[in-house]
Student: 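Below is one structure. I have some questions about it.
Please read these numbers as outputs of a predicted model, since none were measured by experiment. Below, chains carry the letters A, B, ... as their sequence lines are ordered, and counting in each starts from 1. The basis for the numbers below is simple: all heavy atoms, side chains too, and nothing from hydrogens, waters or symmetry mates.
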Protein chains: 4
Amino acid sequence: MLELVVQQGIQATPMSQVVKESGVAAGTIYHHFSSKEEIINELYLNLKIDFGKALSEHLTADLSYKEKFFQTWLNLYDYFCENESAFHFAEQIGHCTMITSETKQKGEIHYLPIVEFFAQGISQNVLREMDLKLMTNLIYGNIVTAVQITLSGDLIMTKDRLYSVIESSWDSIKKH
Amino acid sequence: MLELVVQQGIQATPMSQVVKESGVAAGTIYHHFSSKEEIINELYLNLKIDFGKALSEHLTADLSYKEKFFQTWLNLYDYFCENESAFHFAEQIGHCTMITSETKQKGEIHYLPIVEFFAQGISQNVLREMDLKLMTNLIYGNIVTAVQITLSGDLIMTKDRLYSVIESSWDSIKKH
Amino acid sequence: MLELVVQQGIQATPMSQVVKESGVAAGTIYHHFSSKEEIINELYLNLKIDFGKALSEHLTADLSYKEKFFQTWLNLYDYFCENESAFHFAEQIGHCTMITSETKQKGEIHYLPIVEFFAQGISQNVLREMDLKLMTNLIYGNIVTAVQITLSGDLIMTKDRLYSVIESSWDSIKKH
Amino acid sequence: MLELVVQQGIQATPMSQVVKESGVAAGTIYHHFSSKEEIINELYLNLKIDFGKALSEHLTADLSYKEKFFQTWLNLYDYFCENESAFHFAEQIGHCTMITSETKQKGEIHYLPIVEFFAQGISQNVLREMDLKLMTNLIYGNIVTAVQITLSGDLIMTKDRLYSVIESSWDSIKKH
DNA sequence: AATGAATGAGCCTTCATTCAT
DNA sequence: CATGAATGAAGGCTCATTCAT
């Protein structure tokens with residue numbers, strides 16, 4: 001059911017549509033969730049879990065730090081491109097007041113491995129000194145930009161272009 | 001009048017609120033604009049003009065290319081921090097279907113000097129080879145990230161931190 | 001529910017009034033009908049069915065053609081006088097664009113027996129040669145006129161006067 | 001200016017359109033009329049005058065009573081067919097509460113010659129005994145029916161058909 | 001637990017009318 | 001006299017939510 005709402009995409013989706021697509025009655029939904037806000041928060045959390053999972057794929061021990069960075073970057077990029085509605089949902093979440101700060105905090109847990117990964121990079125002198133929040137958001141922003149351009153269709157995202165962007169990302173945080 | 005609606009911030013703002021805050025009657029607004037959509041589009045365009053103006057401030061001829069980049073970056077960052085509602089409005093614009101593609105096209109005109117600035121950087125071998133759309137969006141994304149963190153209050157944006165971010169931005173596109 | 005709206009009478013009646021008089025909430029109405037237009041069309045069809053039923057009452061086999069004509073005429077006249085709002089509704093329907101041609105077509109089905117009755121009259125040489133559409137509309141118009149005068153109260157419609165009108169109607173289409 | 005509103009046709013026409021089409025400002029209109037209702041009433045009266053004029057055209061002294069009836073009938077029929085908007089306006093007038101009974105009374109003055117014509121017919125034993133109001137409305141209704149069918153385009157109103165209708169009208173009131 | 005009809009505040013917009021200029 | 005910007009109540013309709021069954 002949560003999946004369905006994600007596929008709908010937006011928090012702008014009326015509950016009436018959710019009801020129709022989910023195949024259950026309005027009352028039934030409100031048996032499980034106290035409000036639309038709760039559904040959105042639940043969804044948000046589920047997505048964060050998915051993101052967390054996606055991020056750590058294909059990260060074998062034999063990869064160098066930079067290679068791991070590239071793989072992680074690509075993991076999120078691919079996930080968003082393949083789950084367009086999840087991406088748009090995540091995009092909209094940022095600009096709506098429906099997500100409680102409590103939920104946001106809960107969601108960040110799933111990003112801890114990444115934050116940890118960046119922290120390691122800094123302590124190992126592979127990445128430059130920078131506030132972790134700043135650094136992670138900067139890179140996340142880069143990925144979002146790449147996904148936006150890819151999905152908009154304004155530009156065909158060739159492999160060359162994509163790797164050039166990742167390289168940019170890397171250069172922006174790597175130790176000089 | 002446009003200013004007032006911008007201060008409201010969001011296109012999700014109901015007209016009833018726009019009416020209340022603007023201090024004029026509903027009919028009055030519709031005397032000047034044919035629909036909410038038109039208001040939003042008008043606003044969008046006005047903001048783009050403002051952005052364009054803000055971007056080119058303090059760009060004296062004596063500055064080096066990198067210095068100009070820094071100044072431009074700061075110009076937009078400062079503008080957004082000082083016009084928080086304009087920032088939030090711009091953020092939401094991206095995810096709503098209200099802005100016509102015609103309006104978007106018109107809006108891009110005001111960014112031409114920047115695109116030109118980046119193009120120069122590439123042709124002068126100061127910046128790396130990269131699609132212009134990609135490059136500008138990447139940097140724009142960096143600024144947005146910085147503004148978001150600043151405005152969220154999660155992190156105090158000291159001068160050091162800010163310059164560290166701009167340096168990151170620069171490193172991500174400068175010629176190796 | 002349909003009945004209630006008919007009692008309101010007019011399609012010029014605002015939905016807010018329909019809501020108030022019907023005793024249900026606005027949303028409830030739109031739960032059953034997708035728009036005001038649909039309500040009006042539904043109403044129109046229901047009325048046509050009622051008309052059709054009313055028209056064929058008391059038509060026993062022992063009546064002569066002329067007597068059947070008189071009875072039919074009176075049937076519609078009585079129906080309109082007893083269902084004043086239905087009459088006014090029917091009157092207004094003609095001048096509004098809300099009724100779709102599809103609905104109109106559906107509605108005409110219920111008039112077929114009458115048209116058939118007139119056709120028989122012509123083929124049996126009881127009625128004069130005349131386009132059926134013209135003939136039925138002429139007689140319908142006579143009835144409407146009589147009802148209007150009756151309901152306006154400008155003139156007391158005595159039995160004598162009424163039969164005089166029906167006689168006029170009859171004379172206007174009977175074979176010389 | 002009045003003409004313009006008639007051409008618009010309907011009382012459903014918004015004043016804003018009247019303003020636009022008339023070429024004068026809203027305020028100007030309200031200098032001359034205290035309300036939309038007054039405009040409609042004024043229009044109504046003007047039309048009644050026009051009707052009155054139309055009715056008595058081509059009525060030369062050499063015509064027989066029946067011929068005069070035919071001519072009068074045709075006068076109104078032609079007037080309506082040639083002034084479609086005036087016809088529709090008149091049609092709508094009946095079903096709206098905007099026309100005051102005072103106005104209606106004033107309007108009837110212009111019909112007096114017709115009423116007189118029918119009265120003569122009765123007293124001269126050419127027409128049957130019938131309440132004058134009833135008789136005039138019956139005939140008026142016949143004309144309206146003919147015009148409606150003509151303007152609807154559902155049936156091509158040939159000369160034969162038209163004269164057949166007028167004959168029907170005549171037969172409905174002529175002395176047996 | 002599940003239903004879905006019912007709710008009613010709120011949405012964007014229109015329009016007859018007013019009033020300062 | 002003329003203007004037209006301003007008014008604000010009212011219009012049709014939506015939608016998150018409730019509640020009797």
Student: In whole angstrom, what separates C:E38's CD from F:dC13's P?
Tutor: 10 Å

Student: Both A:T28 and A:S16 contact DNA chain F. Which one's nearest nucleotide lies toward the 5' end?
Tutor: A:S16

Student: Return the value, rounded to whole Å, for the distance between atom CD of B:E37 and atom P of E:dC12.
Tutor: 13 Å

Student: For the atom pair NZ (C:K36) and CG (C:N41), what is the distance rounded to the nearest 0.5 Å?
Tutor: 12.5 Å

Student: For the side chain of A:A25, starting at C-beta, report the closest nucleotide among F:dG8, E:dG4, E:dA9.
Tutor: E:dG4

Student: Evaluate side-chain hydrogen bond (donor to acceptor under 3.5 Å, both in side chains) for C:Q92 paired with D:Q92, printing each intermediate quantity in order.
Tutor: CA-CA 8 Å; C:Q92 295 194 326; D:Q92 294 191 327; over 6 Å; no

Student: Just the dot-bracket of DNA chain E, please: which string comes out with Watson-Crick or G-U pairs under 3.5 Å, [ ] for crossing, | for another strand?
Tutor: .||||||||||||||||||||

Student: Nearest whole angstrom, please: distance from the C1' of F:dT14 to the CE of B:M15.
Tutor: 17 Å

Student: Does D:T145 form a side-chain hydrogen bond (donor to acceptor under 3.5 Å, both in side chains) with C:N137? I'd like the steps, not just the answer.
Tutor: CA-CA 6 Å; D:T145 298; C:N137 278 283; over 6 Å; no

Student: Taking only the side-chain heavy atoms of D:V24 (C-beta and beyond), determine which of F:dT7, E:dA6, F:dT3 contains the nearest atom.
Tutor: F:dT3

Student: Below the 4.0 Å mark, does F:dC13 have OP1 or OP2 next to a side-chain nitrogen or oxygen of C:Y30?
Tutor: yes

Student: Nearest to the B:K36 side chain among F:dT18, E:dT13, E:dA6, which nucleotide is it?
Tutor: E:dT13

Student: Below 30° counts as parallel, above 60° as perpendicular, anything between as tilted: where do the rings of B:F51 and B:Y79 land?
Tutor: perpendicular

Student: Please confirm whether the shortest side-chain N or O distance from A:H32 to OP1 or OP2 of E:dA2 is below 4.0 Å.
Tutor: yes

Student: For the atom pair CG (A:N83) and CZ (A:F89), what is the distance rounded to the nearest 0.5 Å?
Tutor: 13.0 Å

Student: Name the one of C:H31, C:E37, C:E38, C:H32 that satisfies side-chain hydrogen bond (donor to acceptor under 3.5 Å, both in side chains) with C:S34?
Tutor: C:E38

Student: Any N or O donor-acceptor pair linking the side chain of A:H31 to the base of E:dA2 at under 3.5 Å?
Tutor: yes

Student: Quick one: which of F:dA9, E:dA16, F:dC13 gets closest to the side chain of B:A26?
Tutor: F:dA9

Student: What is the distance, rounded to the nearest whole Å, between atom CZ of D:F33 and atom C1' of E:dT18?
Tutor: 18 Å

Student: Atom OG1 in D:T103, atom CD1 in D:I93: separation rounded to 0.5 Å?
Tutor: 9.5 Å

Student: Does B:Q17 or A:G27 map to a spot on DNA chain E nearer the 5' end, using the closest nucleotide for each?
Tutor: A:G27

